[in-house]
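Chain letters run A, B, ... following the sequence lines, proteins first, then strands; residues in each count from 1. It should be emphasised that the depicted structure is a prediction, and the values quoted were computed from it without experimental measurement. Hydrogens, waters and symmetry mates are skipped; everything else that's a heavy atom, side chains included, is used.
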2 protein chains.
Amino acid sequence: MNGHSGVPPDIQPVAAVLAEIPLFRVLGESGIVSTARAGLARRYRTGQIIFHQGDPGESLYVLLDGLVKVVFTTEHGDEIVLNILSRGDTFGEMALLDGSPRSASIVTARPSWVFALPRARLLELMREHPGLADEFLRMLGHMVRRLTGQAADLAFLDLGGRLAKLLLQLAGKHGTTEGVVNLPGLTQSDLAALIGATRPAVNRALQSLVSRHLIAIEGRTITLLDVAALRKRGGL
Amino acid sequence: MNGHSGVPPDIQPVAAVLAEIPLFRVLGESGIVSTARAGLARRYRTGQIIFHQGDPGESLYVLLDGLVKVVFTTEHGDEIVLNILSRGDTFGEMALLDGSPRSASIVTARPSWVFALPRARLLELMREHPGLADEFLRMLGHMVRRLTGQAADLAFLDLGGRLAKLLLQLAGKHGTTEGVVNLPGLTQSDLAALIGATRPAVNRALQSLVSRHLIAIEGRTITLLDVAALRKRGGL
DNA sequence: TGCAAAATGTGACGAGGACCACATTCGGAC
DNA sequence: GTCCGAATGTGGTCCTCGTCACATTTTGCA
């Protein structure tokens with residue numbers, strides 16, 4: 001509680017995370033601080049929904065801390081997990097830019113701290129800093145590439161290959177220690193929904209990798225023992 | 001050969017097609033004509049490659065006439081057809097905007113007439129007409145949504161469902177007559193590559209639809225006989 | 001017009017993975 | 001710590017679809 005007049009105490013930590021993100025780095029020191037002031041940071045508990053697929057999109061979000069799932073639901077209720085996001089990742093960009101409804105839902109996989117920047121503020125920022133628009137285009141391009149690869153994986157890799165690839169990606173993006181996938185909150189059902197498979201099939205595939213000493217499982221921590229073999233299994 | 005000084009004879013037809021495209025409509029009458037002058041229209045024969053996946057991206061393309069396939073190739077040589085484009089569609093946007101290499105190849109499926117607009121010209125246009133950048137964001141958003149749906153389809157629909165959905169989409173986007181898919185140049189192998197399946201499997205699925213009177217096949221023309229049933233089969 | 005190459009239609013076989021059903025273990029809330 | 005619900009581990013069955021192999025037709029050239 002050291003806040004002085006007009007300076008909320010939690011601006012600093014928010015700005016610190018924003019400064020780590022390439023998208024916001026183009027704003028410079030002062031731009032980042034004013035951005036942090038322009039939005040609202042909020043905490044969510046595990047299993048909460050930050051927004052629903054179909055909602056109008058009125059904010060851009062930054063995950064300051066925690067873990068969330070990007071979930072796409074079909075008309076029949078089938079769910080596919082499009083992505084797993086952790087500290088420093090952004091979400092909700094798309095609906096903002098073209099004004100269409102949210103194309104997926106965001107569900108927290110563990111307690112999370114989320115920063116929301118209203119659309120109007122973002123547009124102001126983009127007017128002041130043209131580089132920000134470029135960064136957005138870059139980010140969308142990256143998203144298109146990732147989705148293209150995901151579609152190709154679904155078409156060409158078998159379940160075991162998709163799982164091996166997924167484990168490598170998770171270890172790379174969210175891994176704390178090198179070669180360790182330790183994501184409390186991520187269940188085997190989530191893994192299944194990430195690669196378009198059923199939960200029992202994922203379990204069997206995991207056991208198969210264990211028996212071949214490619215990975216080790218203790219509780220919910222997966223250790224990658226043989227990265228080279230996993231890469232090969234994942235078609236890399 | 002009726003060109004007068006500085007006014008190439010084929011500017012008019014190019015401008016006419018550009019005027020049909022929402023992306024360019026924001027430029028207004030004069031902007032469209034100057035755009036048509038700023039690029040280069042070229043003809044390709046069937047089976048030619050307009051650009052290769054991995055090439056540097058130096059132009060935005062507009063398909064003035066014809067039919068092309070967007071082909072993504074994995075490291076192992078497996079191919080998936082991401083999209084089929086016809087008159088008025090654009091391609092090559094992405095590599096342009098984020099400066100990365102072409103993420104897919106473009107192959108003509110029949111003789112095509114293609115307009116290429118150099119990156120520098122496009123950036124000029126975007127400076128003069130801020131609305132153009134908005135249209136680009138809208139277009140990328142749409143692309144992300146389409147790819148998301150494609151991934152979900154691969155995960156949740158069986159081969160027959162994906163095929164039914166594909167036929168409906170093709171009829172809607174490129175159909176000349178209502179409810180008819182008549183795309184010379186599109187083989188069953190292409191259909192297979194569009195839905196991540198093998199050619200024999202697609203053939204069998206087509207025959208199955210024929211035997212249930214959902215479609216009729218004469219040569220390479222497919223007529224949709226029972227759209228409602230097809231929509232149901234495709235999970236809609 | 002005729003010929004080679006490509007595209008189409010089918011058959012047989014097998015494996016991968018979905019689906020259902022259940023025992024067991026784990027983890028979080030009180 | 002205890003308990004209940006969720007997450008994990010397996011088993012068995014069946015069906016889809018990939019794979020290989022071919023005969024037949026169509027297409028696009030020469």
In plain terms, say whether B:R233 and B:D158 are close enough for a salt bridge, that is, a side-chain N and a carboxylate O under 4.0 Å apart. yes
In this structure, how many angstroms lie between the C1' atom of C:dA7 and the CD atom of B:E218, rounded? 18 Å
Under 4.0 Å from OP1 or OP2 of C:dA6: is there any side-chain N or O of B:Q188 that close? no
Grab the CG-P distance between A:L191 and D:dG9 for me, whole Å please. 11 Å
Has the side chain of A:R204 got a donor or acceptor that lies under 3.5 Å from a partner of the other kind on the base of C:dG16? no
Winner on side-chain proximity to A:A201, out of D:dG9, C:dT8, C:dG17, is C:dG17
Rounded to the nearest 0.5 angstrom, the CZ-CD distance for A:R199 and A:Q188 is 6.5 Å
Students often get this wrong, so: under 4.0 angstrom with heavy atoms, is B:R220 touching a base, only sugar-phosphate, or nothing? sugar-phosphate
Protein-nucleotide distance (B:L163, atom CG; D:dG18, atom C1'), rounded to Å: 17 Å
Going by an N to O cut-off under 4.0 Å, is there a salt bridge joining B:R43 and B:D65? no
Is any side-chain N or O of A:T198 closer than 4.0 Å to OP1 or OP2 of C:dG17? no
When you measure from the side chain of B:A197, which nucleotide among C:dT8, D:dG18, C:dG17 comes out closest? D:dG18
Answer yes or no: does a side-chain N or O of B:N203 lie under 4.0 Å from OP1 or OP2 of C:dT8? no
Over how many whole Å does the gap from B:L159 atom CG to D:dT19 atom C1' extend? 14 Å
Atom-pair distance (CZ on A:R199; P on C:dT25), nearest Å: 15 Å
Test A:K69 against every option in A:T108, A:D190, A:N83 by the side-chain hydrogen bond (donor to acceptor under 3.5 Å, both in side chains) rule and name the one that passes. A:D190
Rounded to whole angstroms, how far apart are CG on B:L154 and P on D:dT16? 18 Å
Whole-Å distance separating the CD atom of A:Q207 from the C1' atom of D:dT10: 9 Å
Measuring from B:R212:CZ to B:D226:CG, what's the distance to the nearest 0.5 Å? 10.5 Å
Closest to the 5' end of DNA chain C, once A:R45 and B:G219 are matched to their nearest nucleotides, is B:G219
Whole-Å gap separating P (D:dT16) and CG (B:L157): 15 Å
